[in-house]
Amino acid sequence: MSSPEVERRLRQQGADVDSLYEISGRIEGKVDALDERVGALDERVGTLAVRMDERFAATDAKLDAILERLNRD
């Protein structure tokens, strides 16, 4: 292999490595953005679960009160 051919291949490999780093950086950015969205969604789901638990507890208490009144009559 001639020296110019070796140099050309080395330059191409260097360009390929640079491209891979660029692609990797873009992927990392997208993963970070997705991680933030999943974190926000997890927080929202947690908040909704707490609110649902509170509503179920309130409904349960109301039903208990209704049953107690019915049993008295």
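None of these values were measured; they are calculated from a predicted model.
Note: Leu70 CG to Leu63 CG = 10.5 Å, rounded to the nearest 0.5 Å. Considering OG of Ser3 and CZ of Arg8, their distance stands at 13.0 Å, rounded to 0.5 Å. Atom CD1 in Ile66 sits 11.5 Å away from atom CD in Glu68 (nearest 0.5 Å). Taken from CZ in Arg55 to CG in Leu48, the straight-line distance is 9.0 Å, to the nearest 0.5 Å. Here the CG atom belonging to Leu10 is positioned 8.0 Å from the CD atom belonging to Glu7, to the nearest 0.5 angstrom. From Asp64, atom CG reaches atom NZ of Lys62 across 12.5 Å, with rounding to the nearest 0.5 Å.
By the rule that hydrophobic residues join a cluster once side-chain heavy atoms approach within less than 4.5 Å of another member, Val31 and Ile23 end up as members of one cluster.
Here the side chain of Ser19 pairs a donor or acceptor atom with the backbone of Ala15 at under 3.5 angstrom. With Asn71 contributing its side chain and Leu67 its backbone, the two residues share a donor-acceptor pair below 3.5 Å.
Take Glu22 and apply the side chain to side chain donor-acceptor pair (under 3.5 Å) test, not counting sequence neighbours, and it matches Arg26. Gln13 meets the side chain to side chain donor-acceptor pair (under 3.5 Å) test with no other residue; sequence neighbours excluded.
Put simply, the side chain of Leu41 does not reach to within 4.5 Å of the side chain of Arg37, judged on heavy atoms.
For the pair Glu54 and Arg51, the salt-bridge criterion is not met [side-chain N within less than 4.0 Å of a carboxylate O].
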